[in-house]
Protein chains: 4
Amino acid sequence: MVARTLLQQALPTTFGLKAAGWMTGLDEAITRLIAVETKRLAVQLGGAGGTLASLGDRGPQVVRLMAEELGLQEPTLPWHTDRTRIAELAGALGEAAGVIAKIASDVVLLSQTEVSEVRDTAPDRGGSSALPQKRNPVAAVSAIACAQPAPQLVAALLGAMAHEHDRAAGAWHAEWRPFSELFRSVGSAAAWLRDCLEHLEPDLDAMRRNLELTRGAIMAERVAGVLAPALGASQAQELVRACALEAQSSGRPLADVLATRSEISDHLSIEAVAQLLEPTGYLGSAGLFVDRALEAHRVGRSAPSPASG
Amino acid sequence: MVARTLLQQALPTTFGLKAAGWMTGLDEAITRLIAVETKRLAVQLGGAGGTLASLGDRGPQVVRLMAEELGLQEPTLPWHTDRTRIAELAGALGEAAGVIAKIASDVVLLSQTEVSEVRDTAPDRGGSSALPQKRNPVAAVSAIACAQPAPQLVAALLGAMAHEHDRAAGAWHAEWRPFSELFRSVGSAAAWLRDCLEHLEPDLDAMRRNLELTRGAIMAERVAGVLAPALGASQAQELVRACALEAQSSGRPLADVLATRSEISDHLSIEAVAQLLEPTGYLGSAGLFVDRALEAHRVGRSAPSPASG
Amino acid sequence: MVARTLLQQALPTTFGLKAAGWMTGLDEAITRLIAVETKRLAVQLGGAGGTLASLGDRGPQVVRLMAEELGLQEPTLPWHTDRTRIAELAGALGEAAGVIAKIASDVVLLSQTEVSEVRDTAPDRGGSSALPQKRNPVAAVSAIACAQPAPQLVAALLGAMAHEHDRAAGAWHAEWRPFSELFRSVGSAAAWLRDCLEHLEPDLDAMRRNLELTRGAIMAERVAGVLAPALGASQAQELVRACALEAQSSGRPLADVLATRSEISDHLSIEAVAQLLEPTGYLGSAGLFVDRALEAHRVGRSAPSPASG
Amino acid sequence: MVARTLLQQALPTTFGLKAAGWMTGLDEAITRLIAVETKRLAVQLGGAGGTLASLGDRGPQVVRLMAEELGLQEPTLPWHTDRTRIAELAGALGEAAGVIAKIASDVVLLSQTEVSEVRDTAPDRGGSSALPQKRNPVAAVSAIACAQPAPQLVAALLGAMAHEHDRAAGAWHAEWRPFSELFRSVGSAAAWLRDCLEHLEPDLDAMRRNLELTRGAIMAERVAGVLAPALGASQAQELVRACALEAQSSGRPLADVLATRSEISDHLSIEAVAQLLEPTGYLGSAGLFVDRALEAHRVGRSAPSPASG
């Protein structure tokens, strides 16, 4: 399929590599969430001011038993005014929201009528109250909408870390709604993205059609690269650029324009050019990267959970 | 010294416990920053669209050599559009800013003319252009000012994670200034806090004076706790509350008011009350918590750096 | 051209209406900025604590003269700790950034290789270091990138409004960098957008081509609307929806599928259907709205400036 | 009472001026909210894509009638993707939150046990479950807590302004929860602040006591100002600064230290110094500013509402 940069067709890639990038992002967000869950969720018990004075000398013992009972870590100190745990959990949730937004945004862009490279196949999905023909990518749109407020909710929690003295005069209470909203935001976004991906169907014909849309121009980097040893990198780049722009403005295939330039035909036969312009021959390490991503995913999944390790 | 909750005097604590809380927050923020530095800073090289096609089949090898050369991790995949690494670094910086803001805010509150429990002893510090008598807690104020925009800068970076397709049309470039500003914000805040803490001098007389400001009322929890077995927790609490309010409105010591109530004097002699109202006898596990914090700090410091481990 | 909702082709509109929407947004943002400039920029002079005591009884006179000298408003009170003026200026800048981001984002989407309805004609613009064929919509992308951090900078300023007492202990100083960054963000975004719009060229052929991409399906609302009186709104909608989906999956024109359904052909001749499916006949009030927007723009431009009025 | 800058005692002011500053901030926030309410709340009706095509040529008439029916403005254009109205309402709410946070924060600081210059007299308010003596400034703390997330919610709305094309693919839906939360945040904060201010009682004795806390040092600016003509501004400032610091470190009244310096006693008699150190004689334009603020408040209140004007 086409790789797109700045929303312009750039060069060929594979759907596998795109999906591997999505998976890797999700895996990293999950890894971080699990790390916070297993290492940073600790019981908080400090009494009225952090000394546990009302429990006499049994304070630490009570904390330990309470931690065991709740399946939480036992902290070094009561942490009522040390909000690093909240900050790390919020940060991990914000990271997850960003990954979800990236994937869902790609799906929406690939679903555009003019692109049509993926389709949400969930039954009875995406109809419009007004427009009979519409099949809106509802799950992806909902994932974007749910994830979008997350960064500000993270900022609200980070901005509330300056708890005054031994219990805050407002900053603590200011955490409650943003924290709830953050879980709601990221949890809903994740649920919508799962729904979206479970019903996502790539359209291979559309991918191939879009690869051919520029009549070879997306292969320009490769042609310039092959000509560079003979012509010099800069001149090769300039020459192919001129041909690509001429092909675009005239609507002719890049191969035809290239064939009219003797600087090129001196070095490349028509057959050689035709072979160079075949997208499947210019996928670089896409396949290897996919293998690596799958391997990392398998290793991550089979790793003993940090909690039980 | 006095522990304060909602900016009201609450019960006794120690300056050591307060400082241990500051240290623990800083240690946690540092631990997180080191974890991001050692595990999540990876080289990014993916070519024009993430496939490294222009490098033929040598792409991964170039990535590996480049990572070695730069002392960075080698990633599973090119990560130009997977911003989890940026998000985690931003989150760790935001966490550090929050810890700094908490400590600096405590220092400013303790420096208030009416509280005066700490003083910034840096020479020629804190004069005012207009007010000859002023000794402003400049380092702490500057730390607060520098740290304050950090949460929003983190949000700007989290909100820019949805990179379109294989290179973003704006979101990538939108990271640059907020990212620079975030380093500047947290770095400057940290430098000011170090300056502040290096010159910070506690005023033990003022601490003792403030402990006595309520004429015993900050010990009310302890009195109620001692009476609870005999009177019932709720009734003891009500009774001591009434005495504390009466002491406050009349300006009399709590001990005197308590002595007028037979429900109390039946159970507690004047000497017993006097002993109960001594703040140093009601510090709970403050000392133990300080020992624990110092031990955790020592262990953290001597741990082999994750990078060299 | 095609109107798109949720990034799906929806129904016809005109480029004029789209541009009128852009203009109206810009006009509203400009109106708000001018209102803040003319009504809310006031001199601030209050002395060390807001009483102007050091000026004896000449304080207000000095304030008035200073306001005249600087061409600023004279405030009711010194406003060192009342940051509503900053908040309103920040809000107006944030609003402008949002309008700019919307327009630039539309331009980037319309510039996609697969859509190609507009083109940035600035000479020597948008080349790629690697990809010879690229013509990136650089001005629009830069406008997006510059505008994107603005909301967080506004939040930083709103979040710094709680100045303590008579001069803040950090919140005031915390305004400086975000405020500078906000001007830089919005000013740069505006400059890039002006550049973008000055060089923007619509491609009418591409617009017509995209209108025909769905082979009539974007006219489905109109067909359903015409059938509604005879069939009932709900049944007409269902019927046309079924036809649109069939047309889409089979790749046949909507007209052909409609012709196969007797419920439709009973009410609409082939000629009537053909006429209904002509996009230029279903533009609603687009033309009127454009006239209105232009009239409002002219009135706004010719209005006496609030400053000189 | 004492004016405080950077949370240090600075010079005298009046409670009236402080309260006038609060009132002015509230009046400005209210003025802005009313302006948005009366000028910027418009009906939105544009049909599926902004052309109102489904209403034939009656679109604008329907919009007008709908606006009348709902008591909303009639917009120039459908504004589904022009979010300036939302941005301005959000900005006005964020401004109000900032004003509320400033006032509530002052109340909390003035309520500190060590300051005690105001008291929340609401009955049965502010008790603590653990600490019998506590009278927490609950209303002010709640106002702070409710107002604190508002800036981020404003940012969430500003950040969602880039609606794609003719209806957004997520950004529109992303407004809903932050918008609701913003109303909840600011509405709750306003309700708590009203409660707080209705029950707020200044403690004049405490104010006088705190004025005397520095034994004259808060009058240092005045003394330096009077000596400046004779000694030069810079030398007068230096001299008084030295005396103020000596008074502070030795615990002696500033008057006594000043009397030991011949450079001062040459110019000022003991009686003259005593008079200079009287705080009520150094209030500058505080009274005039209060009068002005009250006048502006009266004018604002009696102004014909913009809606009915």
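Convention: sequence-line order gives letters A, B, ...; per-chain numbering from 1.
The residue among A:Ile86, A:Thr81, A:Val154, A:Thr13 with the most heavy atom pairs within less than 4.5 Å of chain B is A:Thr81. Annotation: maximal heavy-atom pairing with chain A below 4.5 Å, among B:Leu110, B:Leu55, B:Asp57, occurs at B:Leu110. Ranked by heavy-atom pairs under 4.5 Å with chain A, the list B:Ala10, B:Ala224, B:Ala293 is led by B:Ala293. The choice from B:His163, B:Glu88, B:Arg83 that makes the most heavy-atom pairs within less than 4.5 Å of chain A is B:Glu88. For chain A, the option among B:Ala104, B:Gly91, B:Gly98 with the highest count of heavy-atom pairs below 4.5 Å is B:Gly98. Chain A forms the most heavy-atom pairs under 4.5 Å with one residue out of B:Gly287, B:Pro151, B:Ser105, B:Ala169, and that residue is B:Pro151. With chain A as the partner, the residue from B:Leu52, B:Leu77, B:Leu7 showing the most heavy-atom pairs under 4.5 Å is B:Leu77. Among the candidates A:Ala48, A:Gly59, A:Gly225, the residue making the largest number of heavy-atom pairs closer than 4.5 Å to chain B is A:Ala48.
Proximity to chain B is absent for every atom of A:Val63, based on heavy atoms less than 4.5 angstrom apart. Of the atoms belonging to B:Ala20, heavy atoms from both backbone and side chain fall under 4.5 Å from chain A. If you measure heavy-atom distances from A:Ala168 to chain B, the contacts under 4.5 Å come from the backbone alone. Heavy-atom distances place the backbone of B:Pro75, and not its side chain, under 4.5 Å from chain A. Neither the backbone nor the side chain of B:Val108 comes within less than 4.5 Å of any heavy atom in chain A. Looking at B:Arg40, only its side chain comes within 4.5 Å of chain A, counting heavy atoms on both sides. Proximity to chain B (any heavy atom under 4.5 Å) is shown, for A:Arg292, by both the backbone and the side chain. For A:Ala87, the part lying near chain B is the side chain, with the backbone staying farther off; criterion is any non-hydrogen pair under 4.5 Å. In this structure, the portions of A:Arg4 lying under 4.5 Å from any heavy atom of chain B include both its backbone and its side chain. Contact of A:Val99 with chain B is made through backbone and side chain together, with heavy-atom distances under 4.5 Å. If you measure heavy-atom distances from A:Pro12 to chain B, the contacts under 4.5 Å come from the backbone alone. For A:Ala97, no part lies under 4.5 angstrom from a heavy atom of chain B. In this structure, chain B has heavy atoms under 4.5 Å from both the backbone and the side chain of A:Glu95.
Heavy-atom minimum distance, B:Thr76 versus A:Phe289: O-CD2, 4.0 Å. Residues A:Ser285 and B:Gly56 come closest through the heavy atom pair OG-O, 4.2 Å. Shown here for A:Pro60 and B:Leu288, the closest heavy-atom pair between the two residues is CG-CD2, 3.1 Å. Residues B:Ala155 and A:Ala155 come closest through the heavy atom pair CB-CB, 3.7 Å.
With rounding to the nearest 0.5 Å, the separation of CD1 in A:Ile100 from CE in B:Met161 is 10.0 Å. Between B:Gln152 atom CD and A:Leu158 atom CG the span is 9.0 Å, to the nearest 0.5 Å.
In this view, A:Ala286 and A:Thr14, A:Leu17, A:Leu283, B:Thr51 satisfy the side chain to side chain contact (heavy atoms under 4.5 Å, CB included) rule, not counting sequence neighbours.
A salt bridge (charged side-chain N to carboxylate O under 4.0 Å, His left out) check over residues 152-173 of chain A, counting only residues at least two apart or in different chains, returns the pairs A:Asp166-B:Lys18.
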- Query: Going through the checks in order, is the side-chain contact (heavy atoms from CB on, under 4.5 Å) test met by A:Asp82 and B:Glu28?
  - Reply: CA-CA 9 Å; A:Asp82 169 12; B:Glu28 289 172 327; 2.5 Å; yes

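Counting only heavy atoms from C-beta outward, the side chains of B:Thr5 and A:His165 never approach each other to under 4.5 Å.
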